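Can you read through this structure? Questions will come right after.
Given the structure is predicted, the values throughout are model-derived calculations rather than measurements. Chain naming here is simple, since letters A, B, ... match the order of the sequence lines and numbering starts at 1 in each.
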Number of protein chains: 2
Amino acid sequence: MKPTPVYQQIADDLRRQISDGTFPPGSQMPTEAELLEKYGELHGVRSRQTIRQGLGVLVHEGLIEARRPKGYFVIQRKRLVYRPQAELRQKPPEVDIFTNLVQEEDGRTPSQEIEVSIVDPTPAIRERLGLEPGELAAARRRVRKLDDVPYNLNDSYVRLSLVQGTDFMHPGDVARGTNAVLGELGHELVYGFHEFYLRMPMPDEVQRLQLGAGVPVAEHLSTTFDSEGNAVQVTVNLIPGDRHVIVFETHREAGTDAPRIPWGNP
Amino acid sequence: MKPTPVYQQIADDLRRQISDGTFPPGSQMPTEAELLEKYGELHGVRSRQTIRQGLGVLVHEGLIEARRPKGYFVIQRKRLVYRPQAELRQKPPEVDIFTNLVQEEDGRTPSQEIEVSIVDPTPAIRERLGLEPGELAAARRRVRKLDDVPYNLNDSYVRLSLVQGTDFMHPGDVARGTNAVLGELGHELVYGFHEFYLRMPMPDEVQRLQLGAGVPVAEHLSTTFDSEGNAVQVTVNLIPGDRHVIVFETHREAGTDAPRIPWGNP
DNA sequence: CCCCGCGCATTGTCCAGTCAATGCGTGCGG
DNA sequence: CCGCACGCATTGACTGGACAATGCGCGGGG
């Protein structure tokens, strides 16, 4: 048949050694020079580029990372629980990042930066909020961090006329939670519709979230409705795959008919 | 500061042209030779490798793909609805792939290949099923296809002693659904616990699902319990990110306290 | 008119280098 | 003993080639 490319054989060989424990998570891989010598004898590899190509495969698979100028290291993941069902809880969502944290080992300090602005949202958001042409929205953009490394992005959008002059626009923490503010305005959130789009991050997202090469993200669109069926809030969450496990529960009685999705993709 | 590498500038330039509509989805990109000529004048690029490096960035971002020997083309996505909440429905899950299909345009024919075996499951599955050391499990492995292109993998595991000799072991469709079979055995499924792990696919998964270079997957572990709180079934779904949008709903009253995750990552 | 084989454009793999950037550690000077 | 500058190991960027693999289309033969 067709022979496997040498760089693929190298990648396969190293991948096997990672999964069988020869190179455990956190350990250092052989350097390019060492690999060149080894596979030079085994497969007649003569160019450093071929070695780099093989290592590049594993980097893009999210298995290893290059720490210049120290060498390549096996990735070590520590995942936080991301729980979209917690959004409609009475408790302010700020405590969730704490409760979630307890599930992992403690000792890491969570923080978040909040930024409020008035924006003309993207078509995907306009569509879900049901905005009229030209109508604007209030945006609450949050970056959630743990020990100063960003964990996820959380941007909430609400029809501007609904929240102008209220605590929703307050830049900084709102102790009782912004969902409570919306409840006080007569729009208690009772139903949430969640969409997850999996993809590779854009360069600006890579920078904002300090993502490695082989790290996918989930774009989580959460559309929440009041008891009268009006879309009140759309939240765009960006969830890095290497730092989260997305968790939720289902109950037998909760089952209704499958809703259609009338919206386009973002 | 530090100057942006040339291949990054090329990637940024092409990415911008993709997102602003200069190269719409499905269209062909300039060939390497054409780009070499263009950026040779603009940035003094002289080597084809540098052009390839820039294109490689976009390939790994899932924005373009190389169709050898035709050229590079902008990716065109068509996503199917993946709805984990449908699992605990009365209706057999086979119909779901149909109902989901209707949401997109019609005309594609779904099919699935089923394979039943007795296996020694991975530690992650053993843990969730609560298997004793040495205890085996029955496995129902499904590949779901649409017009003969695979859409997702769906492997269900049940304690062997529970289903040996029952219709669960029947290789092929079970008209009333395997969940109904488990119900007849006195283990009606009433509660589901769902975990989603985002990552890049392994090479064998790339082959089985015919995945492109920049396509992440979600490993969806679904653990379902009977009314007495016993873990009855663990299902491992592998969901390619380019062919799915994961959707579910939440209701205000459904909120309980956040469950802890006693299990390790897979 | 139809079919088949071969040419050709394009991407894939690999080579053998050069020079730059970057942290870490060593050793020297105060 | 402390601090800082410089060397060094390592990865990053790029060059300028060579030859292989692969489908599609065109032209010639039936």
Side-chain angles (χ1 to χ4, degrees), chain A residues 1-14 23 27-60 63-75 203 206-207 210 212-214, chain B residues 1-14 23 26-60 63-75 203 206-207 210-214:
Chain A
M1 288 285 120
K2 65 181 168 191
T4 312
V6 178
Y7 78 90
Q8 270 294 350
Q9 294 181 42
I10 296 173
D12 293 346
D13 198 23
L14 294 174
F23 301 124
S27 66
Q28 181 169 6
M29 303 287 293
T31 66
E32 292 176 357
E34 288 165 352
L35 291 171
L36 183 53
E37 194 178 0
K38 171 176 178 185
Y39 292 104
E41 291 175 12
L42 283 177
H43 299 93
V45 182
R46 266 170 266 180
S47 169
R48 194 181 137 222
Q49 286 307 327
T50 305
I51 299 290
R52 283 178 64 77
Q53 212 174 343
L55 288 164
V57 171
L58 301 185
V59 168
H60 285 290
L63 294 176
I64 65 175
E65 66 175 345
R67 293 183 205 155
R68 190 166 135 210
K70 301 196 64 181
Y72 291 86
F73 292 80
V74 183
I75 291 272
V206 168
Q207 223 212 344
Q210 296 173 24
Chain B
M1 290 281 127
K2 65 182 169 193
T4 312
V6 178
Y7 78 90
Q8 271 295 350
Q9 294 182 41
I10 296 173
D12 293 345
D13 199 22
L14 293 173
F23 301 124
S27 66
Q28 182 169 3
M29 305 284 295
T31 66
E32 292 176 358
E34 287 165 354
L35 292 171
L36 181 54
E37 194 179 1
K38 172 176 178 186
Y39 291 104
E41 292 176 14
L42 283 178
H43 298 94
V45 182
R46 263 169 263 180
S47 169
R48 195 182 135 222
Q49 288 306 330
T50 305
I51 299 291
R52 284 179 63 75
Q53 213 176 341
L55 288 164
V57 171
L58 302 186
V59 168
H60 284 289
L63 294 177
I64 64 175
E65 68 177 344
R67 291 183 206 155
R68 189 166 135 208
K70 300 196 64 182
Y72 292 85
F73 291 80
V74 183
I75 291 272
V206 169
Q207 223 212 343
Q210 296 174 28
L211 301 177

Distances for protein N or O near nucleotides 7-9 of chain C N or O, under 3.5 Å:
none

Between C1' of D:dG12 and NZ of A:K70, the distance in whole Å: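 Distance, rounded to whole Å: 18 Å.
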Nearest-Å distance for atom pair CD1/P, residues B:I10 and D:dA13: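 To the nearest whole Å, that distance equals 12 Å.
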B:T50, B:D12, B:V45 screened by side chain to side chain contact (heavy atoms under 4.5 Å, CB included) with B:Y7, the one that passes: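 Exactly one option meets the side chain to side chain contact (heavy atoms under 4.5 Å, CB included) with B:Y7, and it is B:T50.
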Spacing between B:E65 atom CD and D:dG23 atom C1', to the nearest angstrom: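 These atoms are roughly 15 Å apart.
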Any donor-acceptor N/O pair, B:Q28 side chain to B:K70 backbone, under 3.5 Å: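 At least one qualifying donor-acceptor pair exists.
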Residue from B:E32, B:E34, B:E37 passing salt bridge (charged side-chain N to carboxylate O under 4.0 Å, His left out) with B:R48: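 That would be B:E32.
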Side chain proximity check, A:L14 to A:L35, heavy atoms < 4.5 angstrom: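 The answer is yes; the side chains approach within 4.5 Å.
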Approximate separation, where rounding is to 0.5 Å, of B:F23 CZ and B:L58 CG: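 These two atoms lie 10.5 Å from each other.
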A:L55 side chain near A:Y72 side chain, heavy-atom distance below 4.5 Å: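 They are in side-chain contact.
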Candidate pair B:I64 and B:V59, rule side chain to side chain contact (heavy atoms under 4.5 Å, CB included), full reasoning: CA-CA 5 Å; B:I64 64 175; B:V59 168; 3.7 Å; yes
Where protein sits on nucleotides 13-20 of chain C, one letter per nucleotide: B base, S sugar-phosphate only, - none, heavy atoms under 4.0 Å: BBBBBB--
Nearest-Å distance for atom pair CZ/P, residues B:F73 and D:dG23: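 Value for this atom pair: 13 Å.
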Whole-Å gap separating C1' (D:dG12) and CD1 (A:I51):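 Those two atoms, CD1 and C1', are 16 Å apart.
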Atom-to-atom span, CE of B:M29 to P of C:dT10 - whole angstrom: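 Answer to the nearest Å: 15 Å.
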Distance, rounded to the nearest Å, where B:Q28 contributes CD and C:dT10 contributes P: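 Whole-Å distance recorded here is 8 Å.
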Atom-pair distance (OH on B:Y39; P on D:dT15), nearest Å: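 After rounding, the reported distance stands at 15 Å.
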Rounded distance [0.5 Å steps], CZ in B:R46 versus CD1 in B:I51: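 Answer for the CZ-CD1 pair, B:R46 versus B:I51, is 13.0 Å.
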Partners meeting salt bridge (Lys or Arg N to Asp or Glu O under 4.0 Å) with B:R67 (sequence neighbours left out):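 Per chain and number, B:R67 pairs via salt bridge (Lys or Arg N to Asp or Glu O under 4.0 Å) with B:E65.
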